[in-house]
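In what follows, a structure is listed as structure tokens, so that the remarks can point back to it.
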Amino acid sequence: MLLKSPYIIICEWIPMGANQFKQFVNAVEAYMRDQKIITMAIDKKPETAIFKLAGDKAFVKILDYSPSKSISIKADIRYREAEEITQRERLGIIIRREGFIFFTTRIINAGNRNDDYVDAFSLSWIITDLFEDTSKLMHSLLTTYQKRVLEVVYPHSEKPHYDRNKVIGIIVEDLIFNGISIWELLEKKPSIEDFMSCIEFKERLQSMIGYVEKYFLEGDFVIFVGVKGILVVTKNERKIISNIKDFLTLRALDIFYASMFARIYAIWNDLREIRESLFSEVDVSNIGSLSEYRIKLSGLLSDITILWDVNELAEKEIEDLELLKDNPLITLLDLEAVKEDVKDVIMTAKSTIEAFRMDLLGIIDILGTFVEEHVRTMNESMKESLSKQTEIMEIEHSEKRRLEMLEYLSAGILIGEILRLIFEFLEEEYHIYLGGWKYLLIVILILTLAFVVRIVSKFFEGRLLKHAGIEASLRGLRSLYK
């Protein structure tokens, strides 16, 4: 199967809205019409005047900018390919305020052919490469919030082989199968069913637009609708381009929500595992394990909050989306019914996210109860420990006082005994008699000496404590300096 002069339109929906569109405009400096170099590399030495670009890069130029509506960009992508492949990609990009992004290009000189025809399998490879390259290009242009949204819905989508789901539109002037033009075949009055009954023909189509759901022959249009996009064979390309974008916008939203639901169910599965582990395996008395679960739940709550905001934005955009009134595809593809189906999907997502958020908040509350119980138990243990320590300190204090009294009494008895011996010596040797006064004098001397001993002991005790405090301070300073 050969396709003549394929005109490619790739569409995806990245949540924006008025505020995010304004930030995006400021980020790419859309009001400046000069050419810019876009790269995913990070300048790790911003203080230097030179930034070496190694690897993937793209040159973009702002063609048109309509405030609060859209931006038109021309991109010259120069990403690295395999050694045996020489490829030049020039894309036109239209970014709408609603978040719908269109990448357009025409395929020429593909493979080993030098004419306007492209083999179906070669075109499918080119489309796959365009999906990956446009994801990398937009990741370089998007704001931090938009990257965070894509990280939730399409994890690692900016990396190779992690493509974001997009919808493809292919418009060709002619389609040649088994060496015969489709227009020549149609002149012989076969039906489209005759083409689709051919397995080889169907396989070639599905390699480009996925499983074929519908096909039509309408005037000078032959239309094949697949799960991944649409192929239109027509000699009136200009007439169909604007009409096909209505279909692509609705299908882009539908594809985005298919990935979004897959992500919601994946997060819900993580939540189910956390719930089962929390109520069966986790030791609620271990504050460390509870903290780990709080971190995981906080991450899930952040993701679901972003999905809620995205859904609110999508609900507004689908209400404001107006289809072209004179678009023949509206009736042919029943786009009004498709729009209503997308609305139903958005409302279903809203209720699902709300239920998920309530479930998540409930588990966080239960986890908070476990933490509060653990903290309460710790507080009671600390109070009990402090009470016991206070009792021990009071006992130690009373024992210390008792020992001090015993020491003073022991010292007094010793002094008294020494004084008694001194007075006996004076009586025997020098016949000095003090009578009853010696006992009064002994008591006065004992009390005086005990008071002196107490003062001296307190003085040295204070000096020792002060010295110990200075040593502790010096050790602390040394540790800080180290």
Side-chain angles (χ1 to χ4, degrees), residues 1-11 81-82 84-92 103-133 166-245 247-248 251 328-329 332-333:
M1 180 186 290
L2 297 176
L3 300 99
K4 184 178 181 181
S5 302
Y7 184 77
I8 305 297
I9 305 175
I10 298 173
C11 180
E81 305 289 346
E84 65 276 10
I85 296 177
T86 301
Q87 183 168 293
R88 186 75 178 271
E89 298 177 40
R90 292 178 177 175
L91 303 176
F103 307 91
T104 61
T105 189
R106 187 179 299 279
I107 310 299
I108 58 175
N109 297 332
N112 296 322
R113 305 184 64 90
N114 295 320
D115 53 19
D116 295 335
Y117 290 88
V118 181
D119 178 72
F121 281 151
S122 297
L123 184 58
S124 66
W125 296 335
I126 293 172
I127 291 171
T128 301
D129 186 66
L130 285 172
F131 276 19
E132 181 177 333
D133 290 349
K166 303 180 181 70
V167 61
I168 183 75
I170 307 172
I171 305 173
V172 298
E173 294 181 23
D174 194 6
L175 186 152
I176 296 179
F177 182 66
N178 290 335
I180 305 176
S181 167
I182 192 171
W183 300 116
E184 295 178 9
L185 292 172
L186 290 174
E187 287 178 358
K188 298 178 181 179
K189 303 300 182 182
S191 64
I192 300 296
E193 285 76 9
D194 294 335
F195 290 100
M196 296 305 299
S197 62
C198 177
I199 295 177
E200 185 180 357
F201 183 87
K202 195 172 183 179
E203 287 178 347
R204 297 294 193 276
L205 282 180
Q206 291 180 165
S207 68
M208 296 179 289
I209 60 174
Y211 179 78
V212 179
E213 299 175 319
K214 303 176 183 179
Y215 40 88
F216 308 96
L217 172 59
E218 185 72 17
D220 57 349
F221 298 108
V222 181
I223 301 174
F224 301 93
V225 181
V227 295
K228 294 182 180 179
I230 185 171
L231 170 65
V232 180
V233 185
T234 179
K235 296 179 180 179
N236 192 354
E237 181 182 283
R238 289 184 174 276
K239 183 178 179 181
I240 199 65
I241 287 178
S242 58
N243 295 332
I244 202 176
K245 287 184 178 179
F247 168 81
L248 296 178
R251 185 56 66 90
L329 295 182
L332 194 62
L333 300 179

Residue from Leu123, Ile9, Leu130, Ile10 passing side chain to side chain contact (heavy atoms under 4.5 Å, CB included) with Ile168: Ile10

Taking all atoms of both residues into account, what is the closest heavy-atom pair of [X] and [Y], and its distance?
X: Val227; Y: Arg251; answer: O-NH1, 3.4 Å
X: Val167; Y: Leu248; answer: CG1-O, 3.5 Å
X: Leu231; Y: Met208; answer: CD2-CE, 4.3 Å
X: Pro6; Y: Val172; answer: CA-CG1, 3.7 Å
X: Asp174; Y: Val233; answer: CA-CG1, 4.0 Å
X: Ser207; Y: Ser124; answer: O-CB, 3.1 Å

I'd like to know if the side chain of Thr234 reaches the main chain of Phe221, judged simply by a donor and an acceptor atom lying under 3.5 Å from each other, with no hydrogens or angles considered.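 Not a single qualifying donor-acceptor pair exists.
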
Pair Glu173 + Lys4, salt bridge at N-O below 4.0 Å: yes

Report the C-alpha distance between Val222 and Trp183 in whole Å, list the side-chain angles of each, state the deciding distance to 0.1 Å, and finish with yes or no for side chain to side chain contact (heavy atoms under 4.5 Å, CB included). CA-CA 9 Å; Val222 181; Trp183 300 116; 4.1 Å; yes

Rounded at 0.5 Å granularity, tell me how far [atom1] in [X] sits from [atom2] in [Y].
X: Ile171; Y: Ser5; atom1: CD1; atom2: OG; answer: 12.0 Å
X: Thr104; Y: Arg90; atom1: OG1; atom2: CZ; answer: 13.5 Å
X: Phe103; Y: Lys166; atom1: CZ; atom2: NZ; answer: 6.5 Å
X: Ile126; Y: Phe121; atom1: CD1; atom2: CZ; answer: 13.5 Å

Are the side chains of [Y] and [X] in contact, using a 4.5 Å heavy-atom criterion?
X: Ile127; Y: Phe131; answer: yes
X: Leu175; Y: Met1; answer: yes
X: Ile182; Y: Ile176; answer: no
X: Leu3; Y: Tyr117; answer: no
X: Ile230; Y: Ile223; answer: yes
X: Ile209; Y: Ile170; answer: yes
X: Phe247; Y: Val225; answer: yes
X: Ile199; Y: Glu203; answer: yes

Would Val118 and Leu2 count as a side chain to side chain contact (heavy atoms under 4.5 Å, CB included) here? Give the steps. CA-CA 5 Å; Val118 181; Leu2 297 176; over 6 Å; no

Should the pair Phe224 and Tyr215 be assigned to parallel (<30°), tilted (30 to 60°) or perpendicular (>60°) ring geometry?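 Aromatic pair Phe224/Tyr215 classed tilted.
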
